[in-house]
Amino acid sequence: MATEKEVFELYELTFKPIYADLIVVLGNKPQEVLFELEACLSHLGVAKNDQDNDVIQKNINSAHGHIQRAALDSVKLLWLTLRERSEKIISNEDFRRYCVNCPEGDLLNLFNAAESKALEARKKETQNTGRDPNQSITDWYEAASTLQELLKKIDYTKIDSFKKFKLIYIVKSQWIGFLLGLLASAIVSFVFWILPSHQSIEDAKKETPSNIAIASKPAIAASSASATTHKQQ
């Protein structure tokens with residue numbers, strides 16, 4: 001059975017630090033967590049105003065359960081959000097090599113450590129289904145805190161500069177490829193244009209001697225006929 005003091009301590013010592021980190025990371029208050037908080041307050045209101053001890057205790061237990069679920073939902077959402085952000089860096093070889101303030105190996109070690117802690121948290125959560133989830137909440141928070149430490153080593157200014165450099169490089173490469181394509185097309189067109197002209201000249205050169213020979217035969221025949229005529233006279 002839970003007590004009012006335990007509800008308050010769970011709220012102050014466990015839920016609030018996690019929830020504060022979550023709001024900073026997301027920039028808003030998740031609806032599912034707010035629903036749990038509202039339900040907790042409703043149960044506490046009943047416990048404070050009812051005279052039946054059984055009803056009071058039942059509502060205190062319910063309030064404690066809602067705070068636990070709010071803390072568990074918050075820490076898992078915090079971990080998931082931080083993991084998605086970390087994975088974008090880890091999965092990009094250029095970012096994790098050139099856009100961080102630590103050796104690449106240290107960054108990978110932090111990510112692997114966070115993954116191991118998250119796996120352990122998941123096991124404990126499964127084992128404690130229907131029981132006290134506080135230990136799994138602690139493990140999930142340690143995994144999320146490890147990811148926060150990883151993200152602190154990311155230099156986002158370098159990432160922005162790298163993205164701009166890569167964009168400029170891609171644009172330049174495309175323009176160079178385009179210009180080279182045009183140049184190659186022009187060269188090919190010129191070659192196909194000059195070859196027929198060159199072939200025509202060569203053909204003309206080959207045909208010229210035969211034409212001269214053909215043309216000279218009538219001239220020789222005419223000279224012979226003229227000489228024969230002169231002899232007869």
Side-chain angles (χ1 to χ4, degrees), residues 10-38 40 66-126 133-181:
L10 179 62
Y11 176 80
E12 284 290 325
L13 302 179
T14 301
F15 171 75
K16 282 182 70 174
I18 295 171
Y19 193 51
D21 286 347
L22 179 62
I23 292 174
V24 170
V25 169
L26 294 181
N28 58 57
K29 298 179 179 180
Q31 291 294 324
E32 58 267 35
V33 179
L34 293 177
F35 291 153
E36 295 293 345
L37 292 178
E38 290 176 0
C40 174
H66 283 296
I67 288 294
Q68 282 183 328
R69 284 191 290 274
L72 185 59
D73 289 346
S74 295
V75 76
K76 289 173 71 174
L77 184 55
L78 176 64
W79 169 82
L80 180 61
T81 304
L82 293 174
R83 188 185 185 281
E84 288 175 349
R85 295 181 183 180
S86 300
E87 193 172 22
K88 289 180 180 179
I89 304 299
I90 295 298
S91 61
N92 190 310
E93 187 176 353
D94 292 328
F95 287 172
R96 71 171 188 257
R97 282 187 177 182
Y98 308 118
C99 303
V100 296
N101 297 318
C102 70
E104 181 184 3
D106 292 350
L107 201 72
L108 292 173
N109 288 337
L110 281 173
F111 186 78
N112 291 332
E115 291 288 273
S116 298
K117 290 178 181 179
L119 180 61
E120 184 65 25
R122 181 57 183 164
K123 287 181 180 178
K124 290 181 180 179
E125 182 184 354
T126 303
N134 284 341
Q135 186 56 53
S136 63
I137 292 173
T138 300
D139 289 343
W140 279 117
Y141 195 43
E142 288 180 0
S145 298
T146 304
L147 292 175
Q148 284 181 316
E149 183 181 352
L150 183 154
L151 290 171
K152 288 179 181 179
K153 299 182 182 299
I154 308 302
D155 191 330
Y156 292 97
T157 302
K158 289 182 181 178
I159 290 179
D160 290 339
S161 299
F162 189 86
K163 286 180 178 179
K164 291 177 182 178
F165 171 79
K166 194 170 184 179
L167 178 61
I168 293 172
Y169 175 79
I170 291 173
V171 171
K172 284 185 177 180
S173 299
Q174 290 178 342
W175 269 105
I176 291 173
F178 175 73
L179 292 175
L180 288 176

If you look only at distance, which donor and acceptor atoms sit under 3.5 Å apart when one is on a side chain in residues 136-147 and the other is two or more places apart or in another chain?
unit_1: S136; atom_1: OG; unit_2: P133; atom_2: O; d: 2.7
unit_1: T138; atom_1: OG1; unit_2: N134; atom_2: O; d: 3.2
unit_1: D139; atom_1: OD1; unit_2: Q135; atom_2: NE2; d: 3.4
unit_1: D139; atom_1: OD2; unit_2: K124; atom_2: NZ; d: 2.9
unit_1: W140; atom_1: NE1; unit_2: E125; atom_2: OE1; d: 3.1
unit_1: Y141; atom_1: OH; unit_2: D21; atom_2: OD2; d: 2.6
unit_1: S145; atom_1: OG; unit_2: Y141; atom_2: O; d: 2.8
unit_1: T146; atom_1: OG1; unit_2: K117; atom_2: NZ; d: 3.3
unit_1: T146; atom_1: OG1; unit_2: E142; atom_2: O; d: 2.9

Do any side-chain atoms of residues 26-38 form donor-acceptor pairs under 3.5 angstrom with protein atoms, and if so which ones, sequence neighbours left out?
unit_1: E36; atom_1: OE1; unit_2: H66; atom_2: ND1; d: 2.7

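The backbone N or O of I90 sits less than 3.5 Å from a side-chain atom of R96, completing a donor-acceptor pair.
In terms of heavy atoms, I18 sits closest to L78 at O-CD2, 4.4 Å. Closest of all the heavy-atom pairs between P17 and L13 is CG-O, 3.6 Å.
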Let's go through I154 and R85 carefully: what are the C-alpha distance in whole Å and the side-chain angles of both, what is the deciding distance for side chain to side chain contact (heavy atoms under 4.5 Å, CB included) to 0.1 Å, and is it a yes or a no? CA-CA 11 Å; I154 308 302; R85 295 181 183 180; over 6 Å; no

Would you check, one step at a time, whether the test side chain to side chain contact (heavy atoms under 4.5 Å, CB included) holds for S86 with L151? CA-CA 6 Å; S86 300; L151 290 171; 3.6 Å; yes

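K88 and E84 are not joined by a salt bridge, as no carboxylate oxygen comes within less than 4.0 angstrom of a charged side-chain nitrogen.
Here the straight-line distance linking atom CZ of R122 with atom CG of L119 works out to 10.5 Å at 0.5 Å rounding. Between atom CG of residue L107 and atom NZ of residue K153 there is a gap of 8.5 Å, rounded to the nearest 0.5 Å.
Within 6.0 Å of atom NZ in K158, more than 12 heavy atoms from other residues, nucleotides or ligands are found, so the atom counts as buried in its surroundings. Within a 6.0 Å sphere centred on OH of Y156, other residues, nucleotides and ligands contribute more than 12 heavy atoms.
Checked against ring pair (Phe, Tyr, Trp, His ring centres under 6.0 Å), F111 has no partners two or more places apart in sequence or in another chain.
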